[in-house]
Novice: 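Here you go, one structure.
For the numbers below, each heavy atom of this structure counts, side chains included, while hydrogens, waters and symmetry mates do not. In this chain, residues are counted from 1 in sequence order.
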Amino acid sequence: MTDPVVLKVAVLASGTGTNLQALIDQVHGRDGVRIVAVGSDKPEALALERAQAAGIETALFPVSDFNGNRAARDGAMADWLRARGVQLVVLAGYMQILGPAFLDRFADQVINLHPALLPAFPGLDAVNQALAYGAKVFGVTVHFVDEGVDSGPVIMQRAVELPDARVLDDVLPHVHALEHQMLPEVVRLFARGAVRIASTHPRRVLVGPLAVLPER
Ligand code: GRF
């Protein structure tokens, strides 16, 4: 019997890895998805423990192991993932910018999760940026990664109205709940071949039935 077709996914994470955990719990080993590798730049990242507990191979790529040379680090990480047949790389709280040494090897195969409705509030501390701005609607964006900061084409966005939010704790539980729903959903869509960038418009991402229908 031949193996069913499975999308080989890698996750890069620098922190607690609750989004990795959502992927492990909701899609890993089913729905045509297998997480085959988890990489990090931080030895203390809880994400590594979560991966190991799920029997997923892990590796550390701190830039200090590469004499501070980020391109060399990115290249080594790309080699490691390619050797494992990775077809989709998910950045889930990965706190490093990926350069061309990585992105050129995974064209349109790297996605990121951002805790704001882009293009509002890119970069670090997005929820605090939104609070400081006085925003009344918060949200999450899943997008393709390009060489800019949170600037790639949008795959999915969801919003939550919180007009009375004042501090981080008023917002974070809502944002995390959205993230833990959206990321598994998006990865499942990739496994079904239901995500693609429109040939006529480099910023338009066709999702679900749209991705398999002729463009208009
Ligand atoms: C998430 O809020 C995500 O939006 C941001 O980093 C956080 C990672 O959280 N990019 P976790 O490590 O998955 O818990």
Novice: Do L7 and L189 share a hydrophobic cluster, counting only Ile, Leu, Val, Met, Phe, Trp and Tyr and linking them when any side-chain heavy atoms are less than 4.5 Å apart?
Specialist: yes
Novice: Quick one about T18 and H180 (side-chain donor to acceptor, distance below 3.5 Å, no hydrogens or angles considered), yes or no?
Specialist: yes
Novice: What are the two closest non-hydrogen atoms of A45 and A13, and how far apart are they?
Specialist: CB-O, 4.3 Å
Novice: Which atom pair, heavy atoms only, marks the closest approach of L117 to A159?
Specialist: CD1-CB, 3.9 Å
Novice: Check whether any side-chain N or O of R50 sits under 3.5 Å from a backbone N or O of T16 as a donor-acceptor pair, and report yes or no.
Specialist: yes
Novice: Show, in sequence, the C-alpha distance, side-chain angles and deciding distance for H143 and D150, and conclude whether the side-chain contact (heavy atoms from CB on, under 4.5 Å) test is met.
Specialist: CA-CA 8 Å; H143 63 93; D150 300 323; 3.7 Å; yes
Novice: Does the side chain of L162 reach to within under 4.5 Å of the side chain of V137, using non-hydrogen atoms?
Specialist: no
Novice: Examine L206 and V186 and state if one hydrophobic cluster contains both, with Ile, Leu, Val, Met, Phe, Trp and Tyr joined whenever side-chain heavy atoms are less than 4.5 Å apart.
Specialist: no
Novice: A37 and I56: which non-hydrogen atoms are nearest, and at how many Å?
Specialist: N-CG2, 3.8 Å
Novice: Between S40 and K42, is there a donor-acceptor pair closer than 3.5 Å when you use the side chain of the first and the backbone of the second?
Specialist: yes
Novice: Taking the side chain as C-beta and beyond, is there a heavy-atom pair between Q157 and L118 under 4.5 Å?
Specialist: yes
Novice: Just verifying a value: how many Å separate N112 CG and Y94 OH, rounded to the nearest 0.5 Å?
Specialist: 11.5 Å
Novice: Using only atom types and a distance under 3.5 Å, with no angle test, would you say the side chain of D31 pairs donor to acceptor with the backbone of V33?
Specialist: no
Novice: Do Q26 side-chain atoms and P184 backbone N/O form a donor-acceptor pair below 3.5 Å?
Specialist: no
Novice: Would you compute the distance between atom CG of L20 and atom CG of L12 and round it to the nearest 0.5 angstrom?
Specialist: 10.5 Å
Novice: Got a sec: does the CD of E215 have more than 12 other heavy atoms crowding it under 6.0 Å?
Specialist: yes
Novice: Let me confirm one number: the OG-CG distance from S14 to L46, rounded to the nearest 0.5 Å.
Specialist: 12.5 Å
Novice: Under a 3.5 Å distance rule, please check whether Q129 uses its side chain to pair with a backbone N or O of L124 as donor and acceptor.
Specialist: yes
Novice: Do N67 side-chain atoms and N69 backbone N/O form a donor-acceptor pair below 3.5 Å?
Specialist: no
Novice: Does a salt bridge link K136 with D164, judged by any charged N lying under 4.0 Å from a carboxylate O?
Specialist: no
Novice: Would you call I111 and L91 a side-chain contact if the rule is heavy atoms closer than 4.5 Å?
Specialist: no
Novice: Could you state the interatomic distance from CG (D108) to CD1 (I197), rounded to the nearest 0.5 Å?
Specialist: 4.0 Å
Novice: Determine whether H114 and V154 make a side-chain contact, defined as any pair of heavy atoms from C-beta on separated by less than 4.5 Å.
Specialist: no
Novice: If you round to the nearest 0.5 Å, how far is CD of Q181 from CE of M156?
Specialist: 9.0 Å
Novice: Where do V9 and V187 land on the side-chain contact (heavy atoms from CB on, under 4.5 Å) test, with the steps shown first?
Specialist: CA-CA 8 Å; V9 175; V187 170; 4.1 Å; yes
Novice: Which pair of non-hydrogen atoms, one from D146 and one from S151, has the smallest distance, and what is that distance?
Specialist: OD1-OG, 2.7 Å
Novice: Could you tell me whether the side chain of V205 reaches within less than 4.5 Å of the side chain of F144, counting heavy atoms only?
Specialist: yes
Novice: Identify whether V86 and V38 are in the same connected component of the hydrophobic contact network (ILVMFWY, side-chain heavy atoms under 4.5 Å).
Specialist: no
Novice: Quick one: do V142 and V145 end up in the same hydrophobic cluster if we chain Ile, Leu, Val, Met, Phe, Trp and Tyr together by side-chain heavy atoms under 4.5 Å apart?
Specialist: no
Novice: By side chain to side chain donor-acceptor pair (under 3.5 Å), which residues pair with R84, not counting sequence neighbours?
Specialist: E57
Novice: Does R158 come within less than 4.0 Å of E179, counting only side-chain N to carboxylate O?
Specialist: no
Novice: Which heavy atom of V175 sits nearest to which heavy atom of P115, and what is that distance?
Specialist: CG1-CB, 3.7 Å
Novice: Please give me the minimum heavy-atom distance between A71 and A101, naming the atom from each residue.
Specialist: O-CB, 3.5 Å
Novice: Would you mind reporting whether R73 and D41 have side-chain heavy atoms less than 4.5 Å apart?
Specialist: yes
Novice: Apply salt bridge (Lys or Arg N to Asp or Glu O under 4.0 Å) to D79 and R105, showing your working.
Specialist: CA-CA 9 Å; D79 288 344; R105 308 268 302 278; 2.9 Å; yes
Novice: Distance-only, no hydrogens or angles: does the H28 side chain make a donor-acceptor pair with backbone N or O of L23 under 3.5 Å?
Specialist: no
Novice: Using a 6.0 Å cut-off, check whether atom CG of L213 has over 12 heavy atoms from anything other than its own residue.
Specialist: yes
Novice: What's the spacing between I155 CD1 and T141 OG1 if we round to 0.5 Å?
Specialist: 10.5 Å
Novice: Group every Ile, Leu, Val, Met, Phe, Trp and Tyr by side-chain heavy-atom contacts under 4.5 Å, then state whether M95 and F66 land in the same group.
Specialist: no
Novice: Just so I know, are the side chains of V110 and F102 near enough to count as touching, which here means a heavy-atom distance under 4.5 Å?
Specialist: yes
Novice: Is it possible for you to check whether R82 lies under 6.0 Å from the centre of the six-membered ring of F106, through NZ or CZ, and within 45° of that ring's axis?
Specialist: yes
Novice: Just wondering, do P100 and L103 contact through their side chains at under 4.5 Å, heavy atoms?
Specialist: no
Novice: Tell me, please, which residues at least two apart from Q52 pass side chain to side chain donor-acceptor pair (under 3.5 Å).
Specialist: T58
Novice: Checking D170 side chain against V167 main chain: does a donor-acceptor pair fall under 3.5 Å?
Specialist: yes
